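Source: prediction; values computed, not measured. Proteins get letters first, then strands, A, B, ... in listed order; numbering begins at 1 in each.
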Amino acid sequence: MSDTGRDSPPEPDAIVVTDARPRLQVDDATKSYGGAVALKDVSVTVGVGEVVALVGHNGAGKSTLSKIVSGYERPDRGEVSLDGEVVNLRSAKHAIAEGIGLVPQQLAVIPTMTVTQNLILGLRSTPPGLVDVAARLGLTDVLNMRLGLLGPAAQRLVMIGRALLRGPKVLILDEPTAAFSIAETEKLFKIISDLTADGISIIYISHRLEEILTIADRVVGMSQGRVIADRATAGLTTDDLADIIAGGADAHAPSAEGDVTFVAEGSAAPKGQEVLRVSGLRTTAKSGAATFTLHAGEVVGLTGLVGAGRSSFLNALWGTGAPVVEGSVQIGGRVFVPSNPRRAIARGLVLIPEGRQRTSLIPGMTVRENAGLPTSRRRRLRFTPFLNRRGERAAVSELLAELDTKPSRAVDMPIEALSGGNAQKVVLARWLMMPSDVALLDEPCEGVDVRARNEIHTVLRAMADQGKGVLVSSSDVEELVESADRILVMRDGEIVNELSGDAMTVERVNRACL
Amino acid sequence: MLVMIVVFQMLNSNFLTVANIWTILESAALPAMVACALTVILVMGEFDLSVQAVAGFSTTTFAALMANWDFTLVSAIAIMLAAGLAIGAATGWLVAYQGLNALVVTIGAASLLNGGEFLVSDSKSISVGIDPGFVKFIRSDFHGVPVLVIIAPLVAALLWMLLDRTALGRELRSIGANREAARFAGVNVKRTILIGFIITALVCTIAGMLYTGRAGQAYPLTGLAVLLPSFAACFIGAAMFRVGEFNIPGTVVGAVLASIVPNGLLLADVSGYSTYFFQGGILIFAVWFARIVAGGEKARG
Ligand SMILES: Nc1ncnc2c1ncn2[C@@H]1O[C@H](COP(=O)(O)OP(=O)(O)OP(=O)(O)O)[C@@H](O)[C@H]1O
Ligand SMILES: [Mg+2]
């Protein structure tokens, strides 16, 4: 009876079968790390077959809550009940045995093993459901392929499969779609509806507001470790959701109010000089060849379905991907042969790669050291080999503040202590500090909340205004349509379409991707 | 470890006298140097089983250069530094550029160097011909503090600054923590690994030369016995200061602790072979302990 009443059913005696005992109930969960409170008296319920979305700014405590529910972390206080009975979760294993499965925000797969091996990891024998789960996830054809050869989207699906094989009653998905394009997202939603029809409850965490309205029955808004809203999805709009998210964060930040546009003033602004020209570049990874140009002062979007070859193309330019077979690249009118990141940096090209966990974050280092890694050779105290740590701290803090990173003293914290979205901001800050003429960004907003996403696009626009050429690869078409001057569509390594001006609508871009 | 000190003190009241503390620190100095050198490799996520062999080779060859081939002290030092650089460059190149397994390469290198000791010394003990001024200097003390107890902390401090305060050190650590991310961030992974191996070999070479001075003589395979204690020191260090990470201050403390044992055992009059049991036991215990501490942290993080 300690409930605040927010959960009172609207029509008491409607088609209620199981309302009396929610499948999952969290009561007054509190968790702090050192002095920092990550969760404070959080109470949440999830009904049988219900999809509850958790929303909130980066660092709001969503992942922490899901870790507590799934036994990865033990709360300082509070309890978790399943079907009305308190379960004292001792470990993730215990939670799985109780029927609670978590697909965490971080990818945890073994790239050198096959899809099947990854799926049954930790299970003693091949479970009977394997074929069924693989079919559900559309992985049947690739079961014997090495997982490393497939992209992050497939790896995410494998992680979901791993959870499904254990027959969960409650499945927690922490930002499952961050690297998904529309097609994968729709597939996932189909799977989720199947699961809920079987009575499986879902906790769904995402920063993509449309998705939440589509899939969730109820939305729980979190901010600074507390629950600040708990509403049925029916009737909500994305603006309402944005308000819930912003309402929690200190709402006086300038970009929180009003609509922000990132499109350059006078949208047909004269183009600057050509900074990047890619002519017929083909890698061993895809059969198509890419051709396009990028000019100073413009923000160009690059999209396509997952597997279209965007990341392998960008990595090829950076010298960390599949080798180039043919084609040429010019930076600022001079030929550039992709070989390694240092050469690219020397020519004024930077890549902010996708998949921060694997490609960017250095565990065991502080945020400052992480952000400063590529620029550290340029930041020495005069006449000594030593780093200018004070200068570095100032530069990093400033950028992190600009990107709305939480907590505010993050700069000296270990990188592991940051939430997913905030860690992504550290990755951005790292490369914003590097002088460049051409900036390539691969899914820069992965896991970043709505408001910080706006900040990022503002920063990208500012970079373009300084005379850089900016290429943003994203599977979130909507975001690109809002922020880019034009959009390139890639399919199988080839730029198959370019849309700009009035032709640049979400619908048309999505159609061009197929 | 505190318990150990207390036990040793009870077994022999000389254990905690000022003189014996200097003795302990003096005998810990060179092993600590080698352990710090090893830390550089471990920080990169690599392995080096040749640290003892490099030091030993240096001890014997340095003596041989002066005694058998009449090189002056300075030129012998220069030659040895060049040799150390070459050894580190060779192993580092094989590991970094040829992608060979560091464990295997350094075991191989160790065996080659052990053989080299016999070669350069003609399998004979060298005692005359080593620069007496050098020996005297190494054995002297400065206001009561043994010279080695001054040199070793200086070297440790240099390595600590290198790892903690320079771009190179940051790159070394990034390679150990997430090699892929280091590559994406523009770190020259291969060259950095090569440099790491060179630094380690150089420091081990220096430690070996200092040991020539400390012993005043040289005979193949009787140099510093530091392989196990070095690893133990690094792992004790990883368990102590920065949880789960190799670090120089931790290694120094670990090295001192690891060399208390033989000293204590000696004073306690325990038979000689028991050091084997203790060293092996300590190494395994240190690794285990580091694992427990790091594991506990991971489960929470
Ligand atoms: N190991 C840790 N040590 C210290 N603080 C931590 C640790 N893990 C999380 N935190 C802090 O707890 C708070 C909540 O983090 P959490 O990961 O739950 O956020 P989130 O809502 O999932 O954010 P995001 O949308 O960015 O993923 C953050 O302020 C974070 O810095
Ligand atoms: Mg999170």
Side-chain angles (χ1 to χ4, degrees), chain A residues 31 33-34 67 71-74 91-92 111 315 318-321 340-346 350-366 368-381 384-389 392 414-417 427 430-431 434 442, chain B residues 39 42-45 96-97 157-193 195 199 234 237-248 250 290 293-301:
Chain A
K31 172 84 191 173
Y33 294 101
K67 282 183 209 155
Y72 279 85
E73 299 265 7
R74 304 186 77 168
S91 66
N315 284 334
W318 194 231
T320 50
N340 63 47
R342 288 178 307 288
R343 292 269 175 76
I345 292 170
V350 298
L351 168 72
I352 297 167
E354 138 184 85
R356 57 179 170 271
Q357 216 66 33
R358 180 177 69 89
T359 61
S360 296
L361 303 183
I362 312 283
M365 284 194 181
T366 65
R368 173 176 61 80
E369 290 179 305
N370 258 283
L373 177 62
T375 34
S376 46
R377 286 185 179 271
R378 293 154 193 259
R379 206 187 284 285
R380 276 186 256 210
L381 292 169
T384 74
F386 299 118
L387 293 166
N388 178 358
R389 298 191 299 160
E392 185 172 87
I415 190 73
E416 293 93 334
V427 176
R430 165 190 285 182
W431 292 108
M434 180 67 84
D442 198 357
Chain B
T39 306
L42 293 180
V43 154
M44 292 194 300
Y97 288 85
L158 268 177
L159 288 176
W160 174 73
M161 297 235 271
L162 171 85
L163 283 181
D164 235 56
R165 296 288 153 92
T166 69
L168 177 65
R170 184 179 284 177
E171 290 170 1
L172 286 164
R173 286 185 290 136
S174 73
I175 287 174
N178 185 349
R179 195 164 292 197
E180 183 82 344
R183 195 163 69 95
F184 268 88
V187 173
N188 193 338
V189 174
K190 290 179 181 170
R191 197 185 64 189
T192 309
I193 292 177
I195 294 175
I199 292 171
C234 291
M240 269 188 341
F241 288 158
R242 279 201 223 150
V243 172
E245 275 174 71
F246 297 105
N247 63 92
I248 297 283
V293 177
E297 194 69 2
K298 221 162 257 156
R300 260 174 280 136

Is A:R430 close to chain B through its backbone or its side chain, or both, or neither, when contacts mean heavy atoms under 4.5 Å? side chain
Set of side chain to side chain contact (heavy atoms under 4.5 Å, CB included) partners for A:T320, sequence neighbours left out: A:N315, A:W318, A:P341, B:R183, B:F184
Check whether any side-chain N or O of B:N178 sits under 3.5 Å from a backbone N or O of A:T359 as a donor-acceptor pair, and report yes or no. no
Is there a side-chain contact between A:I362 and B:R173, using heavy atoms and a 4.5 Å cut-off? no
Nearest heavy-atom pair of A:P363 and B:A177: which atoms, and what distance? O-CB, 3.3 Å
If I measure from the heavy atoms of chain A, does B:L162 come under 4.5 Å with its side chain, its backbone, both, or neither? neither
Report the option among A:R74, A:R342, A:R358 that has the most heavy-atom pairs separated by less than 4.5 Å from atoms of chain B. A:R342
With A:L381, which residues qualify under side chain to side chain contact (heavy atoms under 4.5 Å, CB included), at least two apart? A:T384, A:F386, A:N388
Closest heavy-atom contact between B:A185 and A:P374? O-CB, 3.4 Å
If you round to the nearest 0.5 Å, how far is CZ of A:R377 from CZ of B:R170? 11.0 Å
Note: vs chain B, highest number of non-hydrogen pairs under 4.5 angstrom among A:Q357, A:R389, A:M434 is A:R389
